[in-house]
Amino acid sequence: MSKPLPKKFFHQDAQILAKQLIGKVMRSKYHDMWLSAQIIETEAYYLADKSSHASLGFTEKRSALFMPAGTIYMYYSRAGDSLNISCKGKGNAVLVKSAVPYFDDNAQMIEMMRQLNPAKNGVRSINKLCAGQTLLCRALNLKVKEWDQQPFDPKRFFIEDVGYQPNTLIQTTRLGISEGRDEDLPYRFIDYDYVDSCTSNPLRKKKEVFWTLIPASDL
DNA sequence: CCAAAGATGCGCT
DNA sequence: GCGCATCTTTGGG
């Protein structure tokens, strides 16, 4: 079950890569168990855009953003780890925002994910187990200390093309960007068929939120 | 100190 | 289900 995305795959424009990553499956080995989740939501960030960490300048902490395409950039903020991947052009990257558990071989995987990412009250439903950039890192046991500035490793953590093609993507604005920091750029992408498992559903917002649909024929 | 590419509970619709 | 207040941890100023 192991056909990691080739390095070349990450050598694409951030928005293209963000769209291409939708539907791909992350696989992380925890002890002897593979934990797998299909990416359903991503965001693109560019060196020139004021919301990107890279735009704040090169530092040791942010150096992964300036390393070759396909380098993992992880950072810790607001009580959780987040996963990014560098892409074409120094300082450009894609943030993986949410996923859904993908179980093609292991029935115990969900229990392990629940253990790694417990809900404070009750049990986290399967479709919300990886519904957030820090939640998915928790459920897959991905840590800054272990993966920041590293390339993917087919033996421990990689992303795989399982042949899934989304029918439609939602394109909308990124979340958590403060005013004046290019908050209106439409660089967030969601698999329409899994919109109920994303961090926040733009289609059902009462407030005015920009979104548009991208059909499969345009991908 | 406090902002940060967040998450959660609670009250309301 | 939505919006807002509140809690969260860490590194840079």
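The basis for the numbers below is simple: all heavy atoms, side chains too, and nothing from hydrogens, waters or symmetry mates. Quick caveat: nothing in here was measured; it's all calculated off a predicted structure. Naming convention: chains lettered A, B, ... in sequence-line order (proteins, then strands); numbering from 1 in each chain.
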Legend entry - Bracket notation of DNA chain B in which parentheses pair within the strand, [ ] cross earlier pairs, and | pairs with another strand (Watson-Crick or G-U, under 3.5 Å): ||||.|||||||.

Legend entry - hydrophobic_cluster_shared for L219(A) and I22(A), side chain cutoff 4.5 Å: yes

Inset, instruction - Go through F152(A) and I85(A) one step at a time and tell me if the side-chain contact (heavy atoms from CB on, under 4.5 Å) criterion holds. - result: CA-CA 10 Å; F152(A) 287 100; I85(A) 308 162; 3.8 Å; yes

Legend entry - Exam field: side chain D81(A) to backbone V144(A), donor-acceptor pair closer than 3.5 Å: yes

Return a table of donor-acceptor pairs under 3.5 angstrom between the side chains of residues 207-215 of chain A and protein atoms on other chains or two or more places apart.
none

Inset, instruction - Mind listing the residues from residues 128-149 of chain A sitting with a heavy atom below 4.0 Å of DNA chain C? Number order is fine. - result: none

Inset, instruction - Using a heavy-atom cut-off of under 4.0 Å over every strand shown, decide if N84(A) touches base, sugar-phosphate, or nothing. - result: base

Inset, instruction - Please check if any side-chain donor atom of Y46(A) sits under 3.5 Å from a side-chain acceptor atom of D13(A), or the reverse. - result: yes

Legend entry - 4.5 Å side-chain heavy-atom contact, E41(A) and R188(A): yes

Legend entry - Ion pair D218(A)/K19(A), N-O distance below 4.0 Å: no

Inset, instruction - Check whether any side-chain N or O of N84(A) sits under 3.5 Å from a backbone N or O of Y73(A) as a donor-acceptor pair, and report yes or no. - result: yes

Inset, instruction - At the 4.0 Å heavy-atom cut-off to chain A, mark where contacts on DNA chain B begin and end, going 5' to 3'. - result: dA4(B) to dG9(B)

Legend entry - Common cluster, M26(A)/V100(A), ILVMFWY with side-chain heavy-atom separation under 4.5 Å: no

Inset, instruction - Run the numbers on T199(A) and Q133(A) for side-chain contact (heavy atoms from CB on, under 4.5 Å), then give the verdict. - result: CA-CA 8 Å; T199(A) 48; Q133(A) 66 201 56; 6.0 Å; no

Legend entry - Residues R174(A), E43(A): salt bridge by 4.0 Å N-O rule: no

Legend entry - Q150(A) vs F157(A) side-chain heavy atoms within contact, under 4.5 Å: no

Inset, instruction - Determine the contact category for R204(A): base if any of its heavy atoms lies under 4.0 Å from a base atom, sugar-phosphate if only primed atoms, P, OP1 or OP2 are that close, otherwise nothing. - result: sugar-phosphate

Legend entry - Annotated protein contacts, base or backbone, on nucleotides 8-13 of chain C with a non-hydrogen cut-off under 4.0 Å, one of B, S, - each: BBSSS-

Inset, instruction - Could you work out the separation of dC2(B) and dG6(B) based on their C1' atoms and round it to a whole Å? - result: 16 Å

Inset, instruction - Identify, with sequence neighbours excluded, every residue that meets salt bridge (Lys or Arg N to Asp or Glu O under 4.0 Å) alongside K29(A). - result: none

